[in-house]
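A quick note: this is a predicted structure, and the numbers were derived from the prediction, not measured. Worth knowing before you read on, the calculation uses all heavy atoms, side chains too, and leaves out hydrogens, waters and symmetry mates. Labels below follow one simple rule: chain letters A, B, ... track the order of the sequence lines, proteins then strands, and each chain is numbered from 1.
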Number of protein chains: 2
Amino acid sequence: MGKQMTEMLKGTLEGLVLAILAVRSAYGYEITARLREQGFSDIAEGTVYAVLVRFEQKGLVDVEKVPSEKGPPRKVYTLNPAGQQYLDEFWTSWRFLTAQLEKLHEGGS
Amino acid sequence: MGKQMTEMLKGTLEGLVLAILAVRSAYGYEITARLREQGFSDIAEGTVYAVLVRFEQKGLVDVEKVPSEKGPPRKVYTLNPAGQQYLDEFWTSWRFLTAQLEKLHEGGS
DNA sequence: ACTGGTAGATAGTAACACTGAATAGCGGTC
DNA sequence: GACCGCTATTCAGTGTTACTATCTACCAGT
């Protein structure tokens, strides 16, 4: 995908995953697959799990272990109020950044 | 400004500075000041210089030393073709990311 | 001399995504 | 029943990045 995207994902991957969880609860493997479908073709397996561990440590999600028919038990993550607030803050920062970049993009081309 | 913005800037600050240089040539102190005016209230002094050094090492900019009336000589940075191409790639990645997040934002609120 | 504003450089730190590998359960095939 | 492929999670190590804090340096006005 290119190095630019890799660096750009720092700080936005968290928001991306939170946004996915805001739509509905999900587990790691599922989230990774969904990101891949949406065009983030080479997001590493392990990367998403690291994000989820951080969310759990920060108390942004509730975790539930659910047995799977096909493989080891899944850890299903659900956004809690703290996570929703964190996501709101993310959107605020994101909109600000978008607005500033938009301004420069118009002026500079 | 909040930790979210700090992490979000990793990968976008480069594009931000490149976009500023695309409008017109500038030197470090000037770029920092302009960013501050545009609402990036606490971007550290040194941070921009580090970005500019990276640009120079990657060959994205041309550098010219210009004596200043008020202080030590300025290093004026000008975007070269390689830098312009790098900036184009940045915009491509950015637009992609924006599109995906927009999709999630609509579906998840 | 001293202060304040301008201008740049640098060593050390923390956070984050990636790489690569390991572990583990289940279904199907040979 | 041994192997393979798919599902699912975990973890140690690496590179990149922005921040912090500090230092050097030049000039103007007091």
- Step through it carefully: locate the ring centre of A/Tyr27, locate the ring centre of A/Tyr49, and say whether they are under 6.0 Å apart. no

- Message: Under 4.0 Å, heavy atoms only, any strand: does A/Val53 hit a base, just the sugar-phosphate, or nothing?
- Response: nothing

- Side chains of A/Asn80 and A/Gln84, donor plus acceptor under 3.5 Å: no

- Message: How long is the straight-line distance from CD of B/Gln4 back to CG of A/Leu97, given to the nearest 0.5 Å?
- Response: 12.0 Å

- Can you tell me how far C1' of D/dT9 sits from CD of A/Glu56, to the nearest Å? 12 Å

- Task: Check the side chains of B/Tyr86 and B/Glu14 for a donor-acceptor pair under 3.5 angstrom, ignoring hydrogens and angles.
- Result: yes

- Base, sugar-phosphate, or nothing: which does B/Glu14 touch, judged by heavy atoms less than 4.0 Å apart? sugar-phosphate

- Item | Touch class at under 4.0 angstrom, heavy-atom based, for A/Glu69 against every strand present | sugar-phosphate

- Name the nucleic acid region contacted by B/Glu45, choosing base, sugar-phosphate or nothing; use a 4.0 angstrom heavy-atom cut-off, strictly under. nothing

- Query: Does B/Tyr29 have a side-chain nitrogen or oxygen under 4.0 Å from the phosphate oxygens OP1 or OP2 of C/dG8?
  - Reply: no

- Query: Does a side-chain N or O from A/Lys75 land closer than 4.0 Å to OP1 or OP2 of D/dT10, or not?
  - Reply: yes

- OP1 or OP2 of D/dA8 sitting under 4.0 Å from any side-chain N/O of A/Ser68? yes

- Whole-Å distance between D/dG15 C1' and B/Gln57 CD? 15 Å

- Would you state whether a donor and an acceptor, one from the side chain of B/Lys10 and one from the base of D/dT17, lie under 3.5 Å apart? yes

- Look at all strands and tell whether B/Gly46 reaches a base, only sugar-phosphate, or nothing, counting heavy atoms closer than 4.0 Å. base

- State whether the distance check finds a donor on one side and an acceptor on the other, under 3.5 Å, for side chain A/Lys3 versus base D/dT16. no

- Query: So, is B/Thr6 close to the D/dA18 phosphate, meaning a side-chain N or O under 4.0 Å from OP1 or OP2?
  - Reply: no

